Amino acid sequence: MKELWKKRQELVECALKDELAKTPVLDPILRESMEYSLMAGGKRLRPILLMAAADAVGADGTKFLPVACALEMIHTYSLIHDDLPAMDDDDYRRGKLTNHMVYGDAVAILAGDALLTLAFTVILRQKDVSAEALLRVVDEISRAAGAEGMVGGQVLDLRAEGGHISMEELRRVHMGKTGALFHAALRSGAILADATEEQLAALTSYADHFGLAFQITDDILDVIGTSEEIGKPVGSDEKNHKSTYVSLTSLTEAQELARHTAEEAETALSIFGTEADFLRDLVAHLVNRKQ
């Protein structure tokens with residue numbers, strides 16, 4: 001899994017650089033700000049999930065790099081905005097100063113806006129897929145990024161700060177804020193690869209359980225991780241008075257819930273053969289991750 005991840009990660013890095021280089025930008029500072037966050041490293045998890053979903057269906061996931069890159073642009077825009085003083089007010093991301101700390105709030109906001117809108121241009125650069133499939137993917141990704149997905153989840157998250165919310169309300173927050181883009185990545189990969197309805201349903205179930213396990217693990221790392229491991233200050237959830245899976249249960253219960261949810265994700269892949277082994281290995285690795 002790690003070897004394939006590294007290869008795919010390198011493909012995504014090169015493709016992101018190429019996509020940004022061929023995009024006209026009116027102001028050099030804006031381009032610099034976009035590139036600062038987009039090329040700051042990271043796991044490139046969402047593009048890799050899209051490619052892995054296509055692999056599971058029997059296609060070559062690397063054929064869909066433009067759409068995969070678009071997902072990473074949307075994810076990066078959301079991180080730039082999340083780090084702003086009006087949101088999570090974080091000074092560091094991936095071990096580097098956050099975008100607004102380098103370029104100021106206004107340019108950071110605009111760089112995020114530019115990456116979000118560029119993503120849809122990049123999706124339309126995808127070749128060798130039907131117009132119908134590409135339209136379905138645009139619909140999946142736009143809904144995941146918008147009011148019923150990441151943006152809606154972020155609003156729920158902000159409104160919940162300083163108050164006590166239920167486990168179900170917390171799940172709604174994270175299914176929007178974090179899970180929606182995982183959902184879109186896996187479904188988009190399946191759609192691009194001409195998945196059957198049964199395959200699409202299985203990968204959708206996997207996506208939902210994977211997203212939940214990822215968020216629970218994120219909450220755990222905010223308590224027991226280190227700044228060096230996770231690339232940002234630990235304890236930010238407590239600082240911002242956020243309800244988490246750890247605060248609503250306990251560290252031990254949250255760890256058990258993460259393991260159980262990861263097992264549910266793996267079970268969802270039962271209809272696939274070895275072509276889905278990367279996804280199986282990934283969810284097993286997820287609950288033991290340190291970053």
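Since we're looking at a predicted model, the values are computed, not measured. All heavy atoms count here, side chains included; hydrogens, waters and symmetry mates do not.
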So Y77 and H81, would you call those rings parallel, tilted or perpendicular, with 30° and 60° as cut-offs?
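Plane angle over 60°, so perpendicular.
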
Can you tell me how the ring of H285 sits relative to the ring of W5, calling it parallel under 30°, perpendicular over 60° and tilted otherwise?
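The arrangement is perpendicular - the two ring planes meet at more than 60°.
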
For the [atom1] atom of [X] and the [atom2] atom of [Y], what is their distance to the nearest 0.5 Å?
| X | Y | atom1 | atom2 | answer |
| --- | --- | --- | --- | --- |
| I165 | L248 | CD1 | CG | 6.5 Å |
| L170 | T249 | CG | OG1 | 9.5 Å |
| T267 | E264 | OG1 | CD | 5.5 Å |
| M150 | Q154 | CE | CD | 9.5 Å |
| Y92 | T98 | OH | OG1 | 9.0 Å |
| M167 | Y245 | CE | OH | 7.0 Å |

Counterpart residues, side chain to side chain donor-acceptor pair (under 3.5 Å), relative to R46 (two or more places apart)
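Per chain and number, R46 pairs via side chain to side chain donor-acceptor pair (under 3.5 Å) with H75.
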
Quick one, [X] and [Y] - any side-chain contact, counting heavy atoms below 4.5 Å?
| X | Y | result |
| --- | --- | --- |
| L279 | L49 | yes |
| I48 | L4 | no |
| T244 | D222 | no |
| D277 | F272 | no |
| D27 | R31 | no |
| R125 | E19 | yes |
| F210 | T261 | no |
| L16 | V12 | yes |

What are the two closest heavy atoms between [X] and [Y], and how far apart are they?
| X | Y | result |
| --- | --- | --- |
| L203 | A53 | CD1-O, 4.0 Å |
| A213 | A258 | CB-O, 4.1 Å |
| H183 | A207 | CA-CB, 3.8 Å |
| S37 | N99 | OG-ND2, 2.9 Å |
| T178 | Q215 | OG1-OE1, 2.7 Å |
| I191 | A133 | CG2-O, 3.8 Å |

Say whether [X] and [Y] are linked into one hydrophobic cluster, either directly or through other cluster members, by side-chain heavy-atom distances under 4.5 angstrom.
| X | Y | value |
| --- | --- | --- |
| L124 | L118 | yes |
| M39 | L11 | yes |
| M175 | V283 | no |
| L97 | I29 | yes |
| L200 | I271 | yes |

Flag, side chain of D90 to backbone of L84, donor-acceptor distance under 3.5 Å:
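Side chain of D90 to backbone of L84: no pair is present.
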
Counting N and O atoms only, with roles assigned by atom type, does the side chain of S247 sit under 3.5 Å from a partner on the main chain of S243, one being a donor and the other an acceptor?
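No, because the side chain of S247 does not come within donor-acceptor range (under 3.5 Å) of the backbone of S243.
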
Got a list of side-chain donor-acceptor pairs under 3.5 Å for residues 56-74, not counting sequence neighbours?
| unit_1 | atom_1 | unit_2 | atom_2 | d |
| --- | --- | --- | --- | --- |
| D60 | OD1 | T62 | N | 3.1 |
| D60 | OD1 | T62 | OG1 | 2.7 |
| D60 | OD2 | T62 | OG1 | 3.1 |
| E72 | OE2 | R44 | NH1 | 2.9 |

With distance as the sole criterion, is a donor-acceptor pair present between the side chains of S166 and E169 under 3.5 Å?
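Side-chain D/A pair, S166 to E169: present.
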
Looking at [Y] and [X], is any side-chain nitrogen of the basic one under 4.0 Å from a carboxylate oxygen of the acidic one?
| X | Y | value |
| --- | --- | --- |
| K7 | E10 | no |
| K17 | E35 | no |
| D139 | R143 | yes |

So I216 and Q255, side chain to side chain contact (heavy atoms under 4.5 Å, CB included) or not? Walk me through it.
CA-CA 8 Å; I216 297 168; Q255 289 169 326; over 6 Å; no

My understanding is that only residues two or more places apart in sequence, or in another chain, count here; which of them pass ring pair (Phe, Tyr, Trp, His ring centres under 6.0 Å) with Y36?
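Partners of Y36 under the ring pair (Phe, Tyr, Trp, His ring centres under 6.0 Å) test: Y103.
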
Please determine whether side chain to side chain contact (heavy atoms under 4.5 Å, CB included) holds for the pair L79 and R94, giving the CA-CA distance in whole Å, both sets of side-chain angles, and the decisive distance to 0.1 Å.
CA-CA 11 Å; L79 298 181; R94 295 170 178 163; 3.6 Å; yes

Do H174 and L212 pass the side chain to side chain contact (heavy atoms under 4.5 Å, CB included) test, and can you show the C-alpha distance, the side-chain angles, and the key distance before you say yes or no?
CA-CA 7 Å; H174 292 308; L212 179 57; 5.9 Å; no

Can you list the residues that meet the salt bridge (Lys or Arg N to Asp or Glu O under 4.0 Å) rule with D83, with sequence neighbours excluded?
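Listed in chain order: R93.
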
Sort and list the pairs that fulfil side chain to side chain donor-acceptor pair (under 3.5 Å) and have at least one residue in residues 111-124, not counting sequence neighbours.
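Passing the test, one end in residues 111-124: no pairs.
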
Give me each pair satisfying salt bridge (Lys or Arg N to Asp or Glu O under 4.0 Å) with a member in residues 181-209, each pair once, sequence neighbours excluded.
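Listed by first then second residue: E140-R187.
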
Please determine whether side chain to side chain contact (heavy atoms under 4.5 Å, CB included) holds for the pair F278 and D55, giving the CA-CA distance in whole Å, both sets of side-chain angles, and the decisive distance to 0.1 Å.
CA-CA 9 Å; F278 179 88; D55 290 340; over 6 Å; no

For [X], is the [atom1] atom crowded, meaning more than 12 foreign heavy atoms sit under 6.0 Å from it?
| X | atom1 | value |
| --- | --- | --- |
| R159 | CZ | no |
| K127 | NZ | no |
| R136 | CZ | no |

